[in-house]
Each structure stands twice: as structure tokens, then as C-alpha cells.
Amino acid sequence: MTTIDETPVTIDVGTAYGLAPGTYDRDLAEVGPGTPMGELLRRYWHPIGLSEDATDLPRQVRVLGEDLILYRDRQGKVGLMHPRCTHRGTSLLYARVDDHGIRCCYHGWAFDTEGRCTDQPCEPDNGKARDRFRQPWYPADERYGLVWAYLGPPEKKPLLPRYSTLENLGEGEQLFTDDKNIGSGRYFRGEVPFNWFQHFENILDAAHFLWLHMYHSGPQFGSRYGEFDLERQPWELLTKQTFDVTDTGVAGTRQYTIPDGRLLRTVTETVLPNIRGVSNPFGAPGPGDALGFVLPVDDTHFRIFTVLRSTDRTFYEKIAGLRPDGDPPPEKAQRFPGDWEAQGSQGEITLHSEEHLSTSDRGVRMLRRLFREQMQIVAEGGDPINVGFAPGDEWVDIICGQYLEDPAD
Amino acid sequence: MTTIDETPVTIDVGTAYGLAPGTYDRDLAEVGPGTPMGELLRRYWHPIGLSEDATDLPRQVRVLGEDLILYRDRQGKVGLMHPRCTHRGTSLLYARVDDHGIRCCYHGWAFDTEGRCTDQPCEPDNGKARDRFRQPWYPADERYGLVWAYLGPPEKKPLLPRYSTLENLGEGEQLFTDDKNIGSGRYFRGEVPFNWFQHFENILDAAHFLWLHMYHSGPQFGSRYGEFDLERQPWELLTKQTFDVTDTGVAGTRQYTIPDGRLLRTVTETVLPNIRGVSNPFGAPGPGDALGFVLPVDDTHFRIFTVLRSTDRTFYEKIAGLRPDGDPPPEKAQRFPGDWEAQGSQGEITLHSEEHLSTSDRGVRMLRRLFREQMQIVAEGGDPINVGFAPGDEWVDIICGQYLEDPAD
Amino acid sequence: MTTIDETPVTIDVGTAYGLAPGTYDRDLAEVGPGTPMGELLRRYWHPIGLSEDATDLPRQVRVLGEDLILYRDRQGKVGLMHPRCTHRGTSLLYARVDDHGIRCCYHGWAFDTEGRCTDQPCEPDNGKARDRFRQPWYPADERYGLVWAYLGPPEKKPLLPRYSTLENLGEGEQLFTDDKNIGSGRYFRGEVPFNWFQHFENILDAAHFLWLHMYHSGPQFGSRYGEFDLERQPWELLTKQTFDVTDTGVAGTRQYTIPDGRLLRTVTETVLPNIRGVSNPFGAPGPGDALGFVLPVDDTHFRIFTVLRSTDRTFYEKIAGLRPDGDPPPEKAQRFPGDWEAQGSQGEITLHSEEHLSTSDRGVRMLRRLFREQMQIVAEGGDPINVGFAPGDEWVDIICGQYLEDPAD
């Protein structure tokens, strides 16, 4: 009988060797024509720029993966066009606005805001057959200081919505509109370079609010009512958090008893298709005073427009004070990350196949489920939530806000 | 009987929703080896640089989608080589020119201008078997201050052409050669970043000349003879315009009676494969005094070489005066677009599927038809127009010019 | 009988017309997971950074086509992680190191260096089920001032090697480690932008040493012993060069009789998988005093780490003196090319289909053959050379050096 000297060998477990390449969920991420999410989003009006962006100098905008030209005609009407002139394809970016509408620089074909050809100066009799040509266009309108566009099937065009937050202004109140991406973690005019949905679902990620913005990087939005007791475990605070599917989207409600005994109830909501209802971190108790609109520019870029109801611009000035222009130094971004770093570093499009959603991701799961249901409704020819066709149905109630309640009441 | 209160609903027509993605015509746009246009273009000599570009310091050039190395050997002969040394693939950009020809830096293999291996210093006896290796090369020659190359099938190599405009110089006349893309709308050394053919066909686009360069952006090339009456409709002026397929290409002729009663006849022509015969906007009446050669660098870039027959460089100085270095400010480019904006904004390659050619596009249609016919001839093994193989057949007559005629004559 | 006047026509031979597009040998070039070379390389430990690169501030590194996060935990242990947090995919680049290990910024999940989840602060009871999650990780270790990583199958993990050159230091000797790509032709911190193997095989390219570094660009590494007689043909000198497959790789031996009659014998070697054993051009006769490790970053980038055994840093100072920061002026690079130009201009990945290996390429051929054999062994489940599993088997003998011998001895 032989004796074998055996050295125990430990085999590593869980290494990245053989890790399958990650993939993303195309339904959640892709917004182009013909995709399930793209078709759902195309059932709604989207803000695509400030009203002041529409002038006689055409401007290129990108919406849901489509390049378009935005301008204002001499009657003050906003036009939104396929960029390539239907004649020879020159971009209407170089067109001029005159009494005939928008007129291509190359051979002078002119179009009204609905794409009808109004003049062909180099064709016999200024275009005897010009009715046969149509410049592809999209309906555009204005409200709340924003230009809105509808990129969907014509027969499904809903009324341009009205949001309760932004209507029935009080004495001295105005609407103040901003396009510098409030909520993204930077304050700048431009495009945020990752998928819009990984930003949007984050609105219902109550855990990140506590961890990233309180525990990890220090209180990034303050604790005005003393509601965050950082000595406690985050998960204990999170037991005060509930989520509900509402008539218009998904809302998260947080209830904390603050040191003076009153109850602070904060409601954060996502309203379909892309509306952020988030409390003003500097604002007084009460209903939310601002809405954010997250525009999917394409699969890997988005913009955020904000409309504030207020007597002044103080809110924007405070935001500008918190976020200096430009990117922070790399080490500072690493040491004190915010939403930009947490969501942007998931990648241009996060890889859903690698995710492990947990208890604290309930709001995210509910929002995804709601979007999938709505995509299914659209795929079957139905109408998703938050679209209205009859007068009055354009109204959308917003419920977000922060409320202080005396339990004795 | 019930009464139904019906609100009339207007459904939008002609919107961009569902617009099919545009496509380009590969035959017109692609110039690489094996493509129909690429094979047609490869039946001609092409100017690929100024003579002064060919020196003992090798230079990378790109022609018809192929990267090549241009140099001049010690006997003064121009060489044009596949860039990767046939031994190990090091670029001949780092080669040196010595008595053996061009010599790769890596292991010293040397080649003559026809690619024969003349030395292998690291192989026994300097390369006993070096005759078995050949560096891929192309024939190159010089004329009119330009280096010309032939990238086609060897058995189809025509004679290097002579153009009537540039021959039989008069007393005091010289040829002046320029590579700064005259005709593109910018004046600079480099590559114009879109497909060559959407520039080239524009030469026969008489309508754009009137609209873009007169009505839209103000007279960009003047109206020296008072021939353009901008009070009239462009389409009336365009009735004075005819197009003809010539022996060498397509020519457009414009006849206007100028205020003093004389007839101004202007002939603009495209000569295959890539020659611009366009009147000098500053020149005196008479036959054209310059030719432009539009080199397809690849599918999305081109260069223009110009050869001027003159007693001096005044023409180039005037061009330089009109076009400051660099791009204009964006708003200026939008307000006063020229060829660069009109053609460049069609895209790197225009989308032919979206075009709607009209009456005024006759010249463009004729040129496309001629090219398609010539591609077909080449595909069937024949020889296209403007190639000559027997002495004398290298002559190409150029007919462009601007002529003033007294109707009494 | 008719007489035909025939002009003799010469048809060009060997032109580039019809040249098939070149291709590269995927086995030699590709290093990603699942490729033959990639799987061979994954059987070895690779240096991936300096020990000082691993700190509490996570750092992104790229190795064999995989992006990874390198850091050091509070116990001083080096960690190497898949970058995307297993929870929601936020990059651990923005994580912080604390007593629990590395902790993602988004929701605070923490992991030890073997990927075990140690805390989930937003999950009930800090993560009752956290054992079910594992952050993908790789084994990492430190030696010679370098961080080493093993990216291969866990059951095949060999011992971290010891190289004879770097062991048993003498009185006053130390190891000095450098990551500025010595041997690439530039001296800088960063990535060399072409395929690692076209650099690595060049080590056995004795002909380039003579031609590129002596005859072409002037003596770039000197001729300290007067061994290079530039009056002679390079191929005569190359007859003094032999190549051998060794136990560990391929070695090249050069024997020259120097002017004083002594024999100079220089041994250069490649040790699998990626080790450069090249004589110090400034060093005294004797065994090599430094090793280079060529890290394949991905298919088109590499880095070189050097470990020097010496009493001081003089070697690095001399290298820094030879190679100023940044790229040389383009004309200088063209007139005096070095390894960077010769190998880099072969392309991001050279096109093996266009090569014509010759007599002087014997070392290159032998190295390729050895790699193909080893890839085959790995594909069949075997162990390649230079891996050791039992104590003592981690030792690798290095034989490179430059030796002066008196023939009378």
C-alpha cells in the first residue's frame, strides 16, 4: 500500500472567467421607429426645445433617434421637418424662412409647416405640379415655454396635455422653463450621454436616494427636516417607503416622523411617458412646484427640460450654485459620485442581463412592468395611459410633493 | 332616430411617421475596387497630387478608396506603391529613397517604381530569389504640374490624355496648378468630406446656379454682363438653358440677351470621368481657361485639382480673397450657404431613394444616365468614352467657355 | 497580302489592380475570451500594473480585452473586479474602499477581494440573502513591484512564477520596476496602439536589428564592442545568428568576433507567454539584468512592464534621455524610424495574408510555430510550457545575456 502526499488545493469560485457577454433589454432601451418602446413613446407629445429655440434660423434637433429641423415661420408658427429637402436632400438647416414658409437653399422649394410645397421657383410657372410633393413634417405646438412635438401615427395624435402642477397659477406666479438637465447630476445645456430609461427608472429607486446621496457621498440634497437619521441602517429607513401604481404612472411615498413629532410624507412620481415629479429640495412643504421632462434623444442620449411654477428663479440659481459648469476633476467624481456617475457608468446602455434586482428595487421593477404593459397595449392597437382625445381629457393630475402633518390632526 | 354630435377630426397627412429609412444608389456613389463606378473610374488616369508632392519623403495618398504611397526616385521618376511592404507589411511611408529605389526601413528590401525587388540586404547574397517578389505598384506619370495615376486593369491602360484647354499655350502663357478644391465652396488644402458625385453632378445643375448663388445667398459669382435679371422668375431664365450629351460628356448651354443687345452664350461641361469645365467668373469672354479635376478619394471624400492657363496667378488670388481660410461662423454658413453647405448637407452620401428629380434637374439626369451607360460598357468588357490607345487619341477637346455674340453678325 | 503596322505594347505586370483585400491570422492576433491565443494567454499570470497603481482609489485597467477594476483593500490586499456591480451595473470605479471591502456607490453593496458580498445596507437586515450574490473577480497577487492577475480557468491556475533574473539579488542590488513601454520605440505611460504579437515576435527578428537599428536609421543602440562592421553586407553578419527552441520559448544567439579577437555572444530570448529577454544596451557583459513583460491590453493595444535588477536607476535615466516625451516631428519619424514606426505601420493588426517570410525571418517563424503548438495543447486540455503547479515549479530560468569569451580559454 502506497502513501500519497496530498497537498490540498483550493479552486477559486466565482471568478469572471467564462462570464458570458452581457446584453441589454432592447424593449427597455431602444427608442427608434418600430421598436416597442419607440412606438409607445410616439403616442405622446414630447418637449423638444425651448420656445425660444424656434426662430427664423433653423436648428437641428434629435428626438427618439430622428434628426429634425425646428424653426418658426413668419406667422409665428413652429415648424418641425424631416431635415432632407424632398427635392434633392439638402438639409433645411440651411433653408431660410420667408413669406412662403421654409425655403431650401439649393433650388428654392418652399414648404409650409405641414410640409405642403408652396413654391418651386426653378420649375415652370413656379411649380405647376408642386402639389404632388410633400416635405415630411411633424405636428408641433407650444405650451409652458416649450416646443412640443408628436412623432406618432397621425390617427392616434392625442391632445397636447395640461399638467395640474403648471396650471391655475396664483398671484405673482409664473412658469420658468429650463433645459439644462436638472436631475442628471450636471447642470449644462447639451445631451446626457446614456440611455434615458436608466435615468428615468432611477426616480423610483428610493434606496439610491438614501445610499448614494446621503451615506456614500455625504448629504447631497440635505436633510431639511432632520428626517434622515444616518445613525440608523438605511434598510430601516427604507421600511418607511411604499410604491403604488397610480392612474398615470408609479409613485413612491416615504413617511418619516421628524424630530418635532410631525409626519413628513414625500411623494415622488413618474408619470408616463417621461415626467419626473420630484420634490424641490429647497422648496416649502406642499405639492410639487416643478416637473421634469426626460426627452429620449436617441438610444444613448437624453435631455431634461424643467418647468417651474414660482414667483422667481431662485430654484435655478441654487441649482447653478451647486453644480459648477463642466465636469468635476476625475478624482472628485470618484470620491463623491452622484447620479451622473452612478447611472452613466452603467454604460451607454446598461446590461440588464447582468442585473440582480433585490428587495429595494421594487419601484424600478414596478415601473418596468408598467412600461411593458403599455408597450403591449400599443402593440395591440390600443391607447396607453395619459393620452386624451376629447376636450378635457388633456388634463393630467400630478400628486408629487412633500407634506408635513401633525399626527394630532 | 338619434342625433349624434360629431366633432370633425382632422388627421394629419404627409408626416414623417413611418418614413422608410433612405438608401443611396451604390452604383452612383461607391468608388472602391470591384464596384461598377469604381471599375469605370479605374479606366482613366487620375491626378492624385501636385508634382511637387512627389519627393524623396514618401507621402500617403488615398485614391478611389485605396491607400498608396507617392514618392520620387533618384532618377526623378514618380513612384506609386501599395503602402505595405510585400515582405512584412511595414508602410513604405517610412521607407527611404536611395540608388536602389525605395527601400523599406524594417529589413531594407528595395523596389524600383514598377515594384521589382532590387535588393534584399538581409537575405543571402542580397537576395538570390528576389525576382520572385514584387511590390504592388501603379503606373504614374506627370503632366500639367500634376502627378497622374492609373489604377485600372493593365491591359486597358490608355494614353495619358491631353486637354485642348491646356495645350498650345500662347505667348506669355503658363499653366498654374492648384490643389485647394476650387469649386467646393471652400478654398483649402485637404479633403472635402462628402461623396464626389454629388459635387460633380452639381456642375450640370443650372437651377442651383440661379437659385443658390443668385437669389438665395446674393450674387456669389456676380452678373458681369448684366445677364441675370433677378426681377424675373428663375424658371423664366432657365428656359434659356439646354443640355446635350457630347462626345466627351454632358454640356449645358445658357443663352441670355444682355442689356446691350448682344447674346451671351455660356457653355459648362462635365467631361468623363471627372473633369469640370466651368467658366472663369472673373475671366474675359472666350473659351474656358481652366479645368478642374475631381478626385474621388473614397466614397465620402474628394479633392479638386485645378489647372489654369494664364499669364499670371490673378485668378487664384481672387479665389483666395473670396474664401478666407477655415470654416465660416455657423450662423453665416446658415444665412449665406454655398455649394459646400448645399451639397455637404445632403450627407456624406446623399440618399437617392428620397429624391424627387424635376424639370430643372435635366442635366443631372443626363449625366447619371451617361455614367450608367458607361458602367455598363465597362462591365461588358468594352472601353468607355475618353480613353485613347493609339498616338493622337489622347487628345480631348474641351468646349466650355463664355461667348458674346452680336446678333447682327 | 496586307502589311499591318504594329506598335509593340507593353502590358504592366504586378500592379496593385485586383489585389485581394488582406486578412490577418486570427489565431496569432486575437486575445479575447474563447480565442485560441486568448485561452493560451489565460493560462498564465500577467502583470497588469505597478503595485503602486493599486490604492483605495479604484483604477480601470484593460487586460486581454477585458475591462477590470484594480484597487487595494484596507488589509493591503489587491483586488481585481469585473467593473459592473453585480446588483445594478454601476462601475466599481466609483466605489469606495472601507472595512467591508469595496463598496458600490449606488446602493452600497460591498464585496471582498474574492467577490463575496459582505454587506447590502439597503436590503433587510443588511442582506439576509447576500450569500447568493457574487461579484465576478480575478485572482491578483504582487511580486517584483508589479500586480499580477490570473484570468484563466480556476482549476488551471498555476503558481505565480519566479524568474531567475529577478531572484537572489546581490549585495546592494534592488529591483526597479517601470511601466513606460521600454522596447516599443517610445518611452511613455500609456498603451502602444497596435497588436502585441507584432511587437513580441520582433524580438526574434535579428535582421531588423541590423537593418532598422544600424543601417537604416544610424546606430540606434550603438556598437559598444565594435561588433558591427557596417562595411559588410548585413546578410554576412546574419550568418552569425542562430535560433533555438528552448524549454521556455525561443532564443536567438549571435556570435561575432570583435576587433580585439574575443568572441561576443549575445543571447536574446522570448519566454512564453510574453517575456522579453533582451540585453541591456548600456550594460556590462554577463547575464541579462532586466526582463520585459508585454501585456496584451486587447487585440490592438499593449503595454510593456520592465523589471530591472540593479544598484541604481541609471538604465531608466538613459532610456529617458534617448526618448523625449511625446511623438517626434512627423518628418523626423519618417527619416529615422524605429520599432514604433516599423511595427506600428504594419497596421493595428498586421495582414498576415500579404507577408512573404524569407530566410532572415527564421526566428519569427519558430516563435509562431511554438505558439501554435501551445495553443493546440491548451485546446486539447493540456498545460502549456512555463506553468508550474507544485512548489518549486514556479521557477523559470532566463538565459539571455551578452558574453565575451577569449577563444584561447
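We use all heavy atoms of the structure for the numbers below, so side chains are in, but hydrogens, waters and symmetry mates are not. Letters go in sequence order (proteins before strands), and every chain restarts at 1.
Residues B:L210 and A:H107 fail the side-chain proximity criterion, which asks for heavy atoms closer than 4.5 Å. Using a 4.5 Å heavy-atom threshold, the side chains of B:Q233 and A:D125 count as separate. Side-chain contact between A:L57 and B:E331 is present, with heavy atoms from C-beta onward closer than 4.5 Å. Using a 4.5 Å heavy-atom threshold, the side chains of B:V13 and A:E114 count as separate. Within the 4.5 Å cutoff, side-chain heavy atoms of A:H87 are placed close to those of B:D361.
Closest approach of B:A342 and A:T90 over heavy atoms only: O-OG1, 2.6 Å. Residues A:C122 and B:W211 share a closest heavy-atom pair of SG-CB, 3.9 Å. Looking at every heavy atom in both residues, A:Y94 comes nearest to B:P337 through O-CG, 3.8 Å. In plain terms, the two heavy atoms of B:T350 and A:R88 that are nearest each other are OG1-O, 3.8 Å.
Taken to the nearest 0.5 Å, the CZ atom of A:R96 stands 8.0 Å off from the OG atom of B:S217. For the atom pair A:H82 NE2 and B:T15 OG1, the distance stands at 12.0 Å (nearest 0.5 Å). Atom OH of B:Y17 is separated from atom OH of A:Y138 by 8.5 Å, given to the nearest 0.5 angstrom. Expressed to the nearest 0.5 Å, how far NE2 of B:H208 lies from SG of A:C105 amounts to 10.0 Å. Interatomic distance, CD of B:Q334 versus CD of A:Q60, reported as 9.5 Å (0.5 Å rounding).
Remark: B:F336 CZ is loosely packed, at most 12 non-hydrogen atoms of other residues, nucleotides or ligands lying under 6.0 Å away. For B:R232, the CZ atom counts as densely surrounded, since its 6.0 Å shell holds more than 12 non-hydrogen atoms of other residues, nucleotides or ligands. Summarising the local packing, CD of A:E167 is surrounded by more than 12 heavy atoms from other residues, nucleotides or ligands at distances under 6.0 Å.
Between chain B and the residues A:G115, A:C85, A:A390, A:P58, the largest count of heavy-atom pairs under 4.5 Å involves A:P58. Interface remark: of the candidates A:Q135, A:R134, A:R116, A:K157, A:R134 forms the most heavy-atom pairs closer than 4.5 Å to chain B. For the options B:V364, B:L238, B:D205, heavy-atom pairs under 4.5 Å to chain A are most numerous at B:D205. Taking A:G89, A:S91, A:P153 one by one and counting their heavy-atom pairs under 4.5 Å with chain B, the maximum is reached by A:P153. Between chain B and the residues A:P139, A:P121, A:P124, A:A129, the largest count of heavy-atom pairs under 4.5 Å involves A:P121. Note: B:D12 leads B:T239, B:D12, B:L212, B:L19 in heavy-atom pairs under 4.5 Å with chain A.
A salt bridge links B:R335 to A:D56: at least one charged side-chain nitrogen sits closer than 4.0 Å to a carboxylate oxygen. No salt bridge links A:R84 with B:E355; every basic N to acidic carboxylate O contact stays at or beyond 4.0 Å.
For B:Q241, no part sits under 4.5 Å from any heavy atom of chain A, backbone or side chain. For A:L151, the part lying near chain B is the backbone, with the side chain staying farther off; criterion is any non-hydrogen pair under 4.5 Å. When heavy atoms are compared at a cutoff of 4.5 Å, A:F133 approaches chain B solely by way of its side chain, counted from C-beta outward. In this structure, the portion of A:R42 lying under 4.5 Å from any heavy atom of chain B is its side chain and not its backbone. When heavy atoms are compared at a cutoff of 4.5 Å, A:P391 does not approach chain B at all. Using a 4.5 Å cut-off between heavy atoms, A:P33 makes no contact with chain B at all. For B:Y215, the part lying under 4.5 angstrom from a heavy atom of chain A is the backbone only.
No side-chain donor-acceptor contact under 3.5 Å links A:E123 to the backbone of B:W235. Here the side chain of A:E155 pairs no donor or acceptor atom with the backbone of B:I11 at under 3.5 angstrom.
Side-chain N/O atoms of A:Y106 and B:N202 include a donor and acceptor closer than 3.5 Å.
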